[in-house]
Amino acid sequence: MSGMIVCKFGGSSVANAGQIEKVRRIVAADEKRRYVVVSAPGKDARDSQKVTDHLFNIATDGDHFRSRGKEISARESFDRVVGKFRTLVTDLAIDGDDIIEDLQSDLSSTISDKKRIDFFASRGEHFNAKVIARYFKAKGMNAKAMLPEDIGFLVSDRFGNAKVLPATHTNLQLSLSDDEISIIPGYYGMTLKGDIAVLSRGGSDLTGGEVAYAVDALRYENWTDTDGVYQVDPRIIPEASVIPELTYKEIRLLSSQGFNVFHFDAMLSCKNKSIPINIRNTDNPSAPGTMIVSSRKASETAVGIARMDDIAYVYIQKDMIGETIGFTKDLLDIFRDFSINTHHYPSGMDDIAVIVDQRDLNGKADALTNTIRKNLSPNFLDINYDLSLISPVGIGMKDTPGVLARAATALFNENINIEIVDQGPSQLSFNFGVYQRHADIGLKALFRALLKQ
Ligand code: ASP
C-alpha cells in the first residue's frame, strides 16, 4: 500500500466544472495519486456561500444564516444546492440524473434532532465525490467513489465535532486499494451505531490525514487556492514569499497563531508517521508549494511571522506571588472553570499576565475578575484589550544570538511600545504583544528586520 500519494482538494478546488477538470488533470499527471479526498463545492462567482453552509441552513430551517445576519430561507438554500449539483452534472457532461434524484431525496429527509444537522451537512462531500468519480470514469480513468459508510471510516458520536476512531485505520487498509483511484468524501464518517456524524468545520483535511496515515502515503498533498504558506500574511505585506519547506513544529507555531492554511489536527497523523505534507495550489499546479517535513536544515533565522489579533491580557499583581506555592495553578483553574482558553502566561516576581482571545471573555469578564478577586485577593487586577501578538518563528532562531534584539530594535525604530514579550521555551518562537492599532506597522518592521533578504 505504501508509496502512493493522498491528495485532498478543498472547496474552492471543486467549486465548479472548470475547477474539477483542473483536479482531474492534477490527478492524471502522477499515477501515484491514487487517493483523492474531496470537499463539498465551495464559494464561487455565482454563489458567495459554500454548499456546506447551505446544507446547515436547510437542516436548521434558515437559522444557520439568520444567526449570521443573512436572510436566506431553507427553501432557497435547497434550490441553490440542487441547482449547483445540476449545473455541475451538465457542465461536466455526465449522466447524473440518479445523483440529483438521490440528493433531492436526502435533502427532503425528515430525520430529526442532532443527527439531522450532521446528515445534511455531510451531503456536500457525499454527492461531490459521486459526481467527481463519475466524471473521472467518463474521462477514461479507473476511479470509484469510496464512501465512509463503505470503507469503515468510523467516528465518535460527538455530532458536529466527531473524532476519528482508531479502528478506521485498519478498516481503510482493508478496503482501499492502489488498483483504482479512490474518490473519498471528506468531513464525515459513521458512528458505531450507523449514524452519520461530521468532523469539525474544514474537516476534509482531517479525512485526508487519516487516509494518508492508513495507507502509509509517500506524501499528503493538500490542494487549495494559495501557492503555499507565506512568510507573513500577504494581504498586509504583498512582497512576502511562499516558504518552500517547514517542519511540523514550525507550522504548528505558525498555524496556532493565525495562519489558517489547513486544519492543524490533520497534521498529527502525518507527523506520527513522518509523512510529508505538501500545500499546493490547484490554480497554479506548477508551483511546488510548501513542504512540511519532520526535520530540515535552516539557512535563515526566522522563517515566518504569525500574527493573532483580538488579544486581551488579564494582569494580576499580588505581593509575594513568587513565594506562594500553587498560585498559578489556582489562577489557571479559574480560567478553566470559565472555559476560557489561555495562550501564554508571562510572569514576574509578583505579577502575572494571562493572555487570552478577547472574544472568549465576552459576557464573562466581570464574573471572571470577581472570582479572581474573591479567591486570590490580588493587590491589583486589570484587563487590557485590543492587542495583537506578533510571533516570529523559525528553527534557525534557536541558538542565534541577537534575534530578539534585532526585532525589538525594529519596533523601537517605529516608536512602538512592546506591551508583552514572551519567548517560547523551545526558542523556536517568541511573542511580542503590541496594541492592535500598531500591528500592521510592527509586522512590516519585523518582516524587514528578520525576513527580507
Ligand atoms: N465542507 C466542509 C466545510 O465547509 C468541510 C471542508 O470543506 O473541509 O467546513
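In each ligand, atom 1 is the first atom listed, and ligand 1 is the first ligand listed. Along the sequence shown, the residues carry numbers beginning at 1.
The distance from ligand 1 to the heavy atoms of Tyr187 drops below 4.0 Å at these ligand atoms: 2 (C), 5 (C). Every atom of ligand 1 is numbered from 1 in the order shown, and the set under 4.0 Å from a heavy atom of Lys50 is 4 (O). For ligand 1, the atoms lying closer than 4.0 Å to a non-hydrogen atom of Ser39 are 6 (C), 7 (O), 8 (O).
Of the residues Phe78, Phe85, Phe65, Phe120, the one that meets the ring-ring contact (aromatic ring centres under 6.0 Å, His included) test with His54 is Phe65.
Note: an N/O pair closer than 3.5 Å links Thr52 and ligand 1 by distance alone. Checked by distance only, ligand 1 and Gly202 come closer than 3.5 Å through their nitrogen or oxygen atoms.
Between Glu250 and Arg252, none of the side-chain N atoms (NZ, or NE/NH1/NH2) sits under 4.0 Å from a carboxylate O, so this pair counts as no salt bridge. Between Asp233 and Arg307 no salt bridge is recorded (no basic side-chain N to carboxylate O distance below 4.0 Å). Between Lys84 and Asp44 there is a salt bridge, since at least one side-chain N of the basic residue sits less than 4.0 Å from a carboxylate O of the acidic one. Under a 4.0 Å N-O distance rule, the pair Arg201/Asp53 qualifies as a salt bridge.
Nearest to atom 6 (C) of ligand 1 among the protein's heavy atoms is Ser204 OG, 3.4 Å. Here the heavy atom of the protein found nearest to atom 4 (O) of ligand 1 is Arg201 NH2, 2.9 Å. Nearest non-hydrogen protein atom to atom 5 (C) of ligand 1 is Glu125 OE2, 3.4 Å.
To the nearest 0.5 angstrom, Asp118 atom CG is 10.5 Å from Asp157 atom CG. Atom OH of Tyr188 sits about 11.0 Å away from atom CG of Leu199, to the nearest 0.5 Å.
For Gly10, the closest heavy-atom approach to ligand 1 does not fall below 4.0 Å.
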